[in-house]
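Presented below is the structure to which this report refers.
By convention in this document, chain letters (A, B, ...) are assigned in the order of the sequence lines, proteins followed by strands, and residues within each chain are numbered from 1.
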Amino acid sequence: MPEDRLPLSFYSAYDTRTLAQKLLGCELVHESEDGVTSGIIVETEAYLQDDPACHAAFNRRTARTEPMFGVAGTVYVYLIYGMYQCFNVVSNAQGVGEAVLVRALQPTTGMGLMELRRQLRPGKIPTLSTANIAMKELCRGPGKLVRAMGIERETHNGTLLSEGNLYIRAASFTPSDIIAGPRIGINVGGEFPYRYYIKDNIFVSKG
DNA sequence: CGTACGATTCCC
DNA sequence: GGAATCGTACGG
């Protein structure tokens, strides 16, 4: 199978909300030392520069948000609730500060490795009750998919999807129906329907 | 320097 | 329903 990695030009070819929809059906890939994991992106959210829910809203440049002001196709990974991380694709022109949050994947490669990574949660000893994670739960949520894919802020934050071992493949199909609705877990900006997901796809998070 | 909190997940 | 857990943001 050809790598078919999306070029950097793909990420700047659309406005952020359009990109969030164009990413649906594309495949996120991580070629790690432990093995390859990948999954079809089935759920995303857009975060815009005039959007109160966006970390970089209103040109707020800090050490954390700096990657969001990089070129489209930059990776933005941040720590949330002290124990989980979220993976974003930086969008729009350099200096704008917008991104697309990836919220769920349909696993395609390395499900065994995904399950192992999910079991190895910090402070958690795997038990029989956690020994088997359903395939549809492996990447069902932004924190879950980051852990299953082995994505880490230390190594991937600020990298480019056009180079390195974390990248996105072009979609091999066009999603038939895309649903838009309110974003999940935010306290402001709830009036904007910037969450997008593939209709009837069982790997989409419940929110 | 102190502290409140978050684009979440899991357990009671 | 509530805890876990810590870097970040912001005020003093």
Find the distance A:Glu43:CD to B:dT8:P and express it as a whole number of Å. 10 Å

Rounding to an integer number of Å, can you tell me how far A:Glu66 CD sits from C:dA9 C1'? 15 Å

Is the phosphate of C:dA9, meaning OP1 or OP2, less than 4.0 Å from a side-chain N or O of A:Thr62? yes

Between NZ of A:Lys206 and C1' of B:dT8 the distance, given in whole Å, is 15 Å

Got a sec: does the NZ of A:Lys22 have more than 12 other heavy atoms crowding it under 6.0 Å? no

Grab the CZ-C1' distance between A:Phe192 and B:dA7 for me, whole Å please. 15 Å

Heavy-atom closest pair (A:Glu27 atom, A:Thr109 atom, distance to 0.1 Å) is OE2-OG1, 4.4 Å

May I ask you to evaluate whether A:Arg64 reaches the phosphate of C:dC10, defined as a side-chain N or O under 4.0 Å from OP1 or OP2? no

OP1 or OP2 of B:dT8 versus the side-chain N and O atoms of A:Arg147: is any pair under 4.0 Å? no

Same-atom distance (P) from C:dA3 to B:dA4, integer angstrom: 16 Å

In whole Å, I'd like the distance from the OH atom of A:Tyr78 to the P atom of C:dA9. 12 Å

Expressed as a whole number of Å, how far does the P atom of C:dT5 sit from that of B:dG2? 22 Å

Touch class at under 4.0 angstrom, heavy-atom based, for A:Leu101 against every strand present: base

When pairs are called at under 3.5 Å and a stem needs at least three consecutive Watson-Crick or G-U pairs, the stems of DNA chain C are B:1-6 with C:6-11, B:8-11 with C:1-4

Here's a test of your reading of the structure: between A:Thr65 and A:Tyr81, which maps to the more 5' nucleotide of DNA chain C? A:Tyr81

Between A:Asn88 and B:dA7, does any side-chain N or O lie under 4.0 Å from OP1 or OP2? no

How many Å lie between CD1 on A:Ile80 and P on B:dC10, as a whole number? 15 Å

Phosphate-side-chain proximity, A:Arg60 and C:dT8, N/O vs OP1/OP2 below 4.0 Å: no

Specify the separation, in whole Å, of atom CZ of A:Arg118 and atom P of B:dC11. 10 Å

Tell me: CZ of A:Arg153 to P of C:dG7, nearest whole Å? 7 Å

